[in-house]
Peer 1: 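Can you keep this structure in mind? I'll have questions shortly.
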Amino acid sequence: MAEQNDLPDDEEEIDLSSLDNEELVEQMHDDLYDGLRDEIIEGTNILLERGWGPDKVLAEALVEGMRIVGIDFRDGILFVPEVLMAANAMKGGMSVLRPLLVETGAQTIGKMVIGTVKGDIHDIGKNLVGMMMEGAGFEVIDLGINNPVEKYLAAIEEHKPDILGMSALLTTTMPYMKVVIDTLVEQGIRDDYIVLVGGAPLNEEFSKAVGADAYCRDAAVAVETAKKLIADRRAAA
Ligand code: B1M
């Protein structure tokens, strides 16, 4: 019989250090799903102490966990607040790993510059996309909100990303995406980048009309699309 002060089974504290590696990685997937930042930081540190390389911890514990989150977000099982919490937990793990990854020079999947277009200050969706992309192993350079074309151009010149991502939430600001893409065309650099666009008022047709490579309905689709287009591009090269 359970003692009076025992926690119910699903609230029992788990001693992460008592788990073997396989159990710990599985537990970290669950903790990411539940947005438990402190547990993710602890699990990350335990795996590192057991001799795992930062790239292995990133791939097997964090990225794989966020992949599961991404699938359930895409399928309508998880919603924005839960994904933001998962992304925040992921960021906790990343804060431990980032300096180590820089040291070891581990390869990221690709690089993306992302920003909300000029005149638009909505950034919740963009931030979610950035976090999910980081979770999937991309390096993300976030330009924030209200970006004029010059800011995008300076950023792609400086960071040489694979992907330029733009977000817009207003019907009055979404046409600005065409201004940016037309400028890339004028400068003869359009094909140097994969251009992805997103935001609630956009759709596939709009994305084609402005000359983007793809419209991303949500953050999970952004990750899938980015991975696919980068793989296609590398295969073609
Ligand atoms: Co504003 N707002 N807002 N707003 N706001 C909307 C967009 C609106 C639809 C509300 C409404 O009237 N029903 C409406 C737009 C109407 C229209 O254009 N037809 C509107 C308006 C009118 C305004 C103001 C003009 C209001 C005013 O001041 N009179 C003003 C505009 C200010 C400006 O930008 N210049 C304004 C201001 C604000 C707040 C500051 C109060 C706040 C923003 C806070 C912030 O972002 N930090 C706000 C909010 C919160 C909203 C709503 C309620 C929610 C937006 C949101 O965060 N959604 C919104 C109504 C709605 O959409 N239901 C509304 C959650 C987010 C996770 O979804 O951003 O769609 P979303 O992102 C998704 C996908 O779209 C996609 O992935 C994300 C994650 O799955 N995605 C990308 C997004 N960007 C991507 C980029 C990619 C890929 C995928 O790149 C590769």
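Order of appearance sets the numbers: ligands from 1, and atoms from 1 within every ligand. All residue numbers refer to positions in the sequence shown, counting from 1.
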Peer 1: Regarding Arg217 and Glu204, does a basic nitrogen lie under 4.0 Å from an acidic carboxylate oxygen?
Peer 2: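 Here Arg217 does not pair with Glu204 in a salt bridge, since their nearest N and O are not under 4.0 Å apart.
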Peer 1: Look only at interatomic distance and state if Ile114 has a nitrogen or oxygen under 3.5 Å from any nitrogen or oxygen of ligand 1.
Peer 2: no
Peer 1: Should one rank Ile194, Leu128, Asn127 by closest heavy-atom distance to atom 79 (C) of ligand 1, which comes out on top?
Peer 2: Leu128
Peer 1: Met112 near ligand 1, heavy-atom distance under 4.0 Å?
Peer 2: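 No, Met112 has no heavy atoms under 4.0 Å from ligand 1.
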Peer 1: Within the 4.0 Å heavy-atom shell around Cys216, which atoms of ligand 1 are there?
Peer 2: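 That gives atoms 88 (C), 89 (C) of ligand 1.
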Peer 1: Hey, is the main chain of Ala154 close enough, under 3.5 Å, to the side chain of His159 for a donor-acceptor pair?
Peer 2: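 No; zero donor-acceptor contacts below 3.5 Å.
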Peer 1: Could you walk me through whether Asp213 and Arg190 pass the salt bridge (Lys or Arg N to Asp or Glu O under 4.0 Å) check?
Peer 2: CA-CA 10 Å; Asp213 289 295; Arg190 166 65 187 86; 2.9 Å; yes
Peer 1: For atom 37 (C) of ligand 1, which of the options Arg217, Met174, His122 provides the nearest non-hydrogen atom?
Peer 2: His122
Peer 1: Is the shortest distance from a Lys or Arg side-chain nitrogen in Lys227 or Glu224 to a carboxylate oxygen in the other one below 4.0 Å?
Peer 2: no
Peer 1: I want to check something: taking the side chain as every heavy atom from C-beta on, are Lys118 and Thr173 in contact at a cut-off of under 4.5 Å?
Peer 2: no
Peer 1: Could you work out, for atom 19 (N) of ligand 1, the closest of Thr116, Leu84, Thr171 by heavy-atom distance?
Peer 2: Thr171
Peer 1: Can a salt bridge be assigned to the pair Asp120 and Lys126 using a cut-off of 4.0 Å between side-chain N and carboxylate O?
Peer 2: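 A salt bridge is absent here (no side-chain N lies under 4.0 Å from a carboxylate O).
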Peer 1: Donor-acceptor check, side chain of Arg37 to backbone of Asn88, threshold 3.5 angstrom: yes or no?
Peer 2: yes
Peer 1: Mark up the atoms of ligand 1 that fall under 4.0 Å of a heavy atom belonging to Ala219, in ascending order.
Peer 2: 77 (O), 79 (C), 80 (O)
Peer 1: Could you check which of Ile163, Val223, Leu170, Val221 puts a non-hydrogen atom nearest to atom 15 (C) of ligand 1?
Peer 2: Leu170
Peer 1: Does Thr44 use its side chain to pair, donor to acceptor, with the backbone of Ile40 at less than 3.5 Å?
Peer 2: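 At least one qualifying donor-acceptor pair exists.
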Peer 1: So for ligand 1, is Asp218 a polar contact partner (N or O within less than 3.5 Å, distance only)?
Peer 2: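 Such a contact does not occur with ligand 1.
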Peer 1: Which one of Ile121, Val80, Leu202 has a non-hydrogen atom at the shortest distance from atom 32 (C) of ligand 1?
Peer 2: Ile121
Peer 1: Does some non-hydrogen atom of the protein lie less than 4.0 angstrom from atom 88 (C) of ligand 1?
Peer 2: yes
Peer 1: With the threshold set strictly below 4.0 angstrom, can you tell me whether any protein non-hydrogen atom sits that near atom 39 (C) of ligand 1?
Peer 2: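 It does not: no protein heavy atom is found less than 4.0 Å away from atom 39 (C) of ligand 1.
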Peer 1: Hey, which atoms in ligand 1 end up nearer than 4.0 Å to a heavy atom of Leu196?
Peer 2: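 In order of numbering, the contacting atoms are 90 (O), 91 (C).
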Peer 1: For atom 35 (N) of ligand 1, which of the options Ala222, Gly119, Ser167 provides the nearest non-hydrogen atom?
Peer 2: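 It is Gly119 that holds the nearest heavy atom.
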Peer 1: May I ask you to list the atoms of ligand 1 that are less than 4.0 angstrom from any heavy atom of Asp120?
Peer 2: 34 (O)
Peer 1: Is at least one protein non-hydrogen atom found at under 4.0 angstrom from atom 27 (C) of ligand 1?
Peer 2: no
Peer 1: Is the shortest distance from atom 5 (N) of ligand 1 to a protein heavy atom below 4.0 Å?
Peer 2: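 Flag for atom 5 (N) of ligand 1 set to true, protein heavy atom closer than 4.0 Å.
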Peer 1: Which option wins on minimum heavy-atom distance to atom 45 (C) of ligand 1: Leu164, Leu169, Val83, Asp123?
Peer 2: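 Checking each option, the heavy atom nearest atom 45 (C) of ligand 1 is found in Asp123.
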Peer 1: Looking only at non-hydrogen atoms, which of Gly199, Gly165, Pro201 approaches atom 81 (N) of ligand 1 most closely?
Peer 2: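 Comparing heavy atoms across Gly199, Gly165, Pro201, the nearest one to atom 81 (N) of ligand 1 lies in Gly199.
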Peer 1: Under 3.5 Å, side chain of Tyr152 to main-chain N/O of Gly115, donor-acceptor pair present?
Peer 2: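 Looks like yes, one N/O pair under 3.5 Å.
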